[in-house]
**Student:** 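Pasting a structure here, questions to come.
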Amino acid sequence: MVMHKTRWSLILMLFGLSVWMPVMATETDDGLGLWVETQVVSRNPSRVMGWYEKDFTDSIGFFAFAEKESDGYRQFYVGPTWKPTEWLKLGAGIGREVVPGEFSSVRRGLFFDANWRKINFFGAFESGASGRWHKITGTYALTESVGAGLMHETGLGLGPRFEYNIKKDVQVWGALLRNPTTKESTTVFAINFSF
């Protein structure tokens with residue numbers, strides 16, 4: 001019952017964000033380098049995540065990532081980014097994770113983001129006391145508004161992912177993942193606001 005109420009609270013928060021955040025954001029061509037995403041995951045805790053990125057030069061920058069799950073788990077990490085080519089960005093960060101009532105420890109994360117024409121590959125890899133985790137996506141932009149591809153996430157599995165850009169700074173996406181070990185399917189629905 002608590003999980004059901006939490007998911008409805010997250011959904012209502014999404015609609016509130018969709019109304020107020022674009023009004024509060026400053027309009028620039030490059031944006032503010034910030035995105036906020038809420039995910040509803042079947043049979044798993046829901047998540048709210050934030051990402052901030054700032055370039056200092058054409059190839060060197062900084063990023064920060066934070067996540068809070070409906071079961072109380074939270075993490076953050078920060079670190080440098082490096083853009084060796086126009087189409088590839090790499091980053092590495094260090095921070096903390098908290099598992100309520102159990103422990104707080106160091107959390108490390110790496111990511112890559114590769115964009116070439118209509119193709120995007122993104123991967124995030126984390127490690128810490130709660131274990132290793134990764135998420136890898138590959139998508140193709142079918143149109144300016146619609147994208148499709150594959151996604152793999154630790155514990156959830158592999159499957160198709162579909163994206164729809166409501167407007168330039170608001171995207172909804174969904175994935176249907178199948179874990180080959182447990183034979184369970186998981187659906188993920190998310191909305192992402194970028195500023």
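The figures that follow rest on heavy atoms only: side chains count, while hydrogens, waters and symmetry mates do not.
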**Student:** Same cluster for Leu90 and Trp87 if Ile/Leu/Val/Met/Phe/Trp/Tyr side chains link at under 4.5 Å?
**Tutor:** yes
**Student:** Could you please spell out the steps behind the side-chain contact (heavy atoms from CB on, under 4.5 Å) verdict for Phe112 and Phe122?
**Tutor:** CA-CA 6 Å; Phe112 71 85; Phe122 177 83; 5.6 Å; no
**Student:** Give the C-alpha distance, both sets of side-chain angles, the deciding distance and a yes or no for salt bridge (Lys or Arg N to Asp or Glu O under 4.0 Å) between Glu126 and Arg107.
**Tutor:** CA-CA 7 Å; Glu126 299 176 1; Arg107 189 80 175 160; 3.1 Å; yes
**Student:** Could you walk me through whether Arg178 and Thr186 pass the side-chain hydrogen bond (donor to acceptor under 3.5 Å, both in side chains) test, one step at a time?
**Tutor:** CA-CA 6 Å; Arg178 178 94 171 145; Thr186 302; over 6 Å; no
**Student:** Please test Ile94 against Val106 for side-chain contact (heavy atoms from CB on, under 4.5 Å), starting from the C-alpha separation and ending with a verdict.
**Tutor:** CA-CA 7 Å; Ile94 190 164; Val106 173; 3.8 Å; yes
**Student:** Closest heavy-atom contact between Ala64 and Val78?
**Tutor:** CB-CG1, 3.5 Å
**Student:** For a quick test of reading the model, state the closest non-hydrogen atom pair linking Leu176 to Ser185 and the distance between them.
**Tutor:** CD1-CB, 4.4 Å
**Student:** Would you name the heavy atoms of Gly128 and Glu97 that are closest together and state the gap between them?
**Tutor:** C-OE2, 3.5 Å
**Student:** How about Tyr164 and Gln171: do any of their side-chain heavy atoms sit closer than 4.5 Å?
**Tutor:** no
**Student:** Please tell me if the side chains of Ser130 and Phe103 come closer than 4.5 Å, counting only heavy atoms from C-beta onward.
**Tutor:** yes
**Student:** If you take all heavy atoms of Asp113 and Asn115, which pair is closest and at what distance?
**Tutor:** OD1-ND2, 3.4 Å
**Student:** Under a 4.5 Å cut-off applied to non-hydrogen side-chain atoms, are Val40 and Val188 in contact?
**Tutor:** no
**Student:** Kindly compute the distance separating CD (Glu163) from CG (Asn165), expressed to the nearest 0.5 Å.
**Tutor:** 7.0 Å
**Student:** Go through the steps to decide whether Asn192 and Asp169 satisfy the test side-chain hydrogen bond (donor to acceptor under 3.5 Å, both in side chains), and finish with yes or no.
**Tutor:** CA-CA 8 Å; Asn192 182 295; Asp169 53 0; over 6 Å; no
**Student:** Closer than 4.0 angstrom, basic N to acidic O: yes or no for Arg43 and Glu184?
**Tutor:** yes
**Student:** Keeping Thr154 on the side-chain end and His134 on the backbone end, is there a donor-acceptor pair under 3.5 Å?
**Tutor:** yes
**Student:** Check for me, please, whether Trp51 and Trp82 land in the same ILVMFWY cluster - side-chain distances under 4.5 Å, paths through other members count.
**Tutor:** no
**Student:** Flag the pair Phe125 / Arg108 as yes when at least one side-chain heavy-atom distance between them is below 4.5 Å, and no otherwise.
**Tutor:** no
**Student:** Look at the side-chain heavy atoms of Ile, Leu, Val, Met, Phe, Trp and Tyr, link any pair under 4.5 Å apart, and say whether Met49 and Leu34 land in one connected group.
**Tutor:** no
**Student:** Just to verify, which of Phe63, Phe121, Tyr77, Phe65 counts as forming a ring pair (Phe, Tyr, Trp, His ring centres under 6.0 Å) with Phe111?
**Tutor:** Phe63
**Student:** Give a yes or no on whether Val170 and Tyr52 share a hydrophobic cluster (residues Ile, Leu, Val, Met, Phe, Trp, Tyr; joining criterion: side-chain heavy atoms under 4.5 Å apart).
**Tutor:** yes
**Student:** Quick one: do Glu37 and Trp173 satisfy side-chain hydrogen bond (donor to acceptor under 3.5 Å, both in side chains)? Show the steps, please.
**Tutor:** CA-CA 10 Å; Glu37 181 170 288; Trp173 64 266; 3.2 Å; yes
**Student:** Could you give me the CA-CA distance, side-chain angles and deciding distance for Arg96 and Phe76, then say whether side-chain contact (heavy atoms from CB on, under 4.5 Å) is met?
**Tutor:** CA-CA 6 Å; Arg96 294 216 57 83; Phe76 76 91; 3.6 Å; yes
**Student:** Nearest 0.5 Å please: distance from the OG atom of Ser46 over to the CD atom of Gln39.
**Tutor:** 9.0 Å
**Student:** Minimum heavy-atom separation for Ala92 to Leu110, with atom names?
**Tutor:** CB-CD2, 3.4 Å
**Student:** Report the C-alpha distance between Val172 and Ile166 in whole Å, list the side-chain angles of each, state the deciding distance to 0.1 Å, and finish with yes or no for side-chain contact (heavy atoms from CB on, under 4.5 Å).
**Tutor:** CA-CA 7 Å; Val172 293; Ile166 296 172; 3.8 Å; yes
**Student:** Let me confirm one number: the CZ-OG distance from Arg47 to Ser70, rounded to the nearest 0.5 Å.
**Tutor:** 9.5 Å
**Student:** Do Leu150 and Leu142 belong to the same hydrophobic cluster, where Ile, Leu, Val, Met, Phe, Trp and Tyr are linked whenever their side-chain heavy atoms lie under 4.5 Å apart, directly or via other members?
**Tutor:** no
**Student:** Which value, rounded to the nearest 0.5 Å, describes the distance between Arg161 atom CZ and His152 atom NE2?
**Tutor:** 14.5 Å
**Student:** How long is the gap from NZ on Lys135 to CE on Met151, to the nearest 0.5 Å?
**Tutor:** 4.5 Å
**Student:** Can you measure from CD (Glu53) to CG (Leu32) and round to the nearest 0.5 angstrom?
**Tutor:** 12.5 Å
**Student:** Return the minimal non-hydrogen interatomic distance between Tyr73 and Asp71, and the atom names on each side.
**Tutor:** N-OD1, 3.0 Å
**Student:** Strictly distance-based, threshold 3.5 Å: is any side-chain N or O of Asn179 a donor or acceptor partner for the main-chain N or O of Gly155?
**Tutor:** yes
